[in-house]
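Down below is the structure, laid out as structure tokens.
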Amino acid sequence: MTLHKIYIVAFSVLSVVFHAQNKKEMSELIRNEFQFAEKQYNFLIHTVPQDKMPQSYKDGKLVTKDISWWCSGFYPGSLWMIYEQTKNPEIRKEAERTLKIIETNKTFTRDHDLGFMMFCSYGNAYRITKDPKYKDIILTSAKSLSTRFRPGMQAILSWDKMADFKGPVIIDNMMNLEMLVWASQNGGDKKLEEIAVAHANTTMKNHFRPDYSSYHVIDYDVNTGQVLAKKTFQGYSDSSAWARGQGWALYGYTMMYRFTKDKRYLVQAQNIAKFILNNPTLPKDKIPYWDFNDPEIPNVPRDASAAAIIASALLELGQYTSGDEKKSYVDSAKQMIISLSGERYQSKLGENGGFLLMHSTGGLPLNSEIDVPLIYADYYFLEALKRYKDWY
Ligand code: GLY
């Protein structure tokens, strides 16, 4: 064997060993994380009032919300994902109890958030149990959400009344399309998918800047679809890139590619990923500051929820790409998972109100939920752990 061949063989052996070692380390980390989640949520279960959903933790007290709040599906959804990995019957009991509480949301049409509320919860419940009653509830919810589609603007109206907006569509709304397309492809009306596709196309046309960062709110004339203004509600400024919004965009287009296999959605997701991962303000631990354009970076809060959403989305994008590109998505997601599992972001058992993660930011300009645990950070973190375990 020539020296060159020996080198190639040695290199291949080393890469296999390295890959196996890496796989083992990650699978241990993920197993530990689900065991921790089981114990930590057992603590949370015992502090949640019967008719409310846990949202955050502030000044030593659990913050809860009514079931019509956009986050009401994340607690049941997180419980289902923990149950799936641990088979703990107490966790399942709480998951079933909380599903029942939010069931009445299935006819809720006052805003666009029904996908978050009913698919993150019932979607996971159905995926895990295949109980047809859960599917019925998802189909009804998708129909309710579709009533918010406004043909004049070819998009789903996000809010009825908010600030001075006339026809607001926020980038977050991309996430609600998952329930529509899933329902359409699983026994629901074909129109549901058409609505989702129209919304995704309109958003692709109007929500993005040339660098593929996203505006938060596009305000439309509801009748003509004319763009009236490009604004923010939760970001630093109208022209800034609010971190969680970039996460919603990345997740949204990756998910739309999953269902439709429309290449334009894949390319959009790849470009959004580039914006996020090449952003000079993205720290080494890959947990973004709350807004990529806050001029006070690094002296501003992080947003662990944005990191969890981005990690989960990147892991899916890795499924549709190959080579160095795939590697960069998976490596970045892995770094996010490792950071979120570490001391800086993860709570200690029995602390932080029973939530898994610290340091998320809900609405900094609204002076709301700054540097706190948030239920949806936990949800997307658990989803990222599951995706890593299943796919890599
Ligand atoms: N969908 C609301 C938020 O991301 O804060």
Side-chain angles (χ1 to χ4, degrees), residues 53-56 58 63 65-75 77-78 102 105 108 110-121 145 148 155-163 165 168-180 199 203 207 213-219 231-237 240-253 255 272 276 287-292 294 301-313 355 357 359-381 383-384:
M53 290 293 151
Q55 170 72 5
S56 185
K58 198 178 172 212
V63 178
K65 295 278 185 190
D66 291 333
I67 61 150
S68 58
W69 180 241
W70 73 277
C71 300
S72 61
F74 294 120
Y75 179 52
S78 297
I102 63 167
N105 281 337
F108 178 92
R110 286 204 305 273
D111 64 42
H112 67 142
D113 284 321
L114 216 56
F116 283 120
M117 292 149 86
M118 302 307 271
F119 200 64
C120 296
S121 52
L145 174 58
R148 297 193 61 84
I156 296 164
L157 187 65
S158 290
W159 302 317
D160 288 342
K161 282 203 176 79
M162 187 67 86
F165 299 126
V169 176
I170 63 175
I171 189 64
D172 323 28
N173 205 339
M174 283 300 300
M175 300 296 284
N176 295 305
L177 306 183
E178 186 170 10
M179 179 168 73
L180 289 183
H199 183 99
T203 300
H207 252 90
S213 67
S214 167
Y215 289 95
H216 185 201
V217 190
I218 302 295
D219 198 19
K231 308 287 272 186
T232 197
F233 187 65
Q234 278 158 271
Y236 175 78
S237 72
S240 75
W242 173 51
R244 196 164 53 257
Q246 312 316 302
W248 296 143
L250 176 67
Y251 194 118
Y253 282 97
M255 171 272 296
I272 299 165
I276 295 172
I287 311 301
Y289 293 98
W290 77 283
D291 189 299
F292 285 103
D294 187 331
R302 302 290 187 100
D303 185 6
S305 77
I309 295 156
I310 292 167
S312 188
F355 293 91
L357 299 180
H359 304 309
S360 288
T361 300
L364 192 140
L366 312 170
N367 203 17
S368 161
E369 301 176 334
I370 301 168
D371 198 17
V372 292
L374 285 169
I375 187 66
Y376 49 91
D378 285 9
Y379 174 89
Y380 288 102
F381 176 59
E383 186 182 73

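The analysis underlying the following values was restricted to heavy atoms, covering all of them including side chains, and did not include hydrogens, waters or symmetry mates. As the structure lists them, so they are numbered: ligands from 1, and atoms in each ligand from 1.
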Q | ligand 1 atoms in contact with Gln234 (distance to a heavy atom under 4.0 Å) | A | 3 (C), 5 (O)

Q) At what distance, to the nearest 0.5 angstrom, does CD1 of Ile102 lie from OG of Ser68? A) 11.5 Å

Q: Over all heavy atoms of both residues, which pair between Ile375 and Ser78 is shortest? Give the atoms and the distance, please.
A: O-OG, 4.5 Å

(Q) Is it true that His216 and Asp172 share a donor-acceptor pair across their side chains at a distance under 3.5 Å? (A) yes

Q: Could you tell me which non-hydrogen atom of Ala384 sits nearest to which non-hydrogen atom of Ala311, and how far apart they are?
A: CB-CB, 4.2 Å

Q | For the student: nearest non-hydrogen atoms of Ile171 and Ala249, plus distance | A | CG1-CB, 3.8 Å

Q) Quick check: does Arg244 get an N/O under 3.5 Å from an N/O on ligand 1? A) yes

(Q) Heavy atoms only, cut-off 4.0 Å: how does Trp242 contact ligand 1, side chain, backbone, both, or neither? (A) side chain

Q. For atom 1 (N) of ligand 1, which protein heavy atom lies nearest, and how many Å away is it?
A. Asp172 OD2, 2.7 Å

**Q.** Close N or O approach (Trp70, ligand 1; < 3.5 Å)
**A.** no

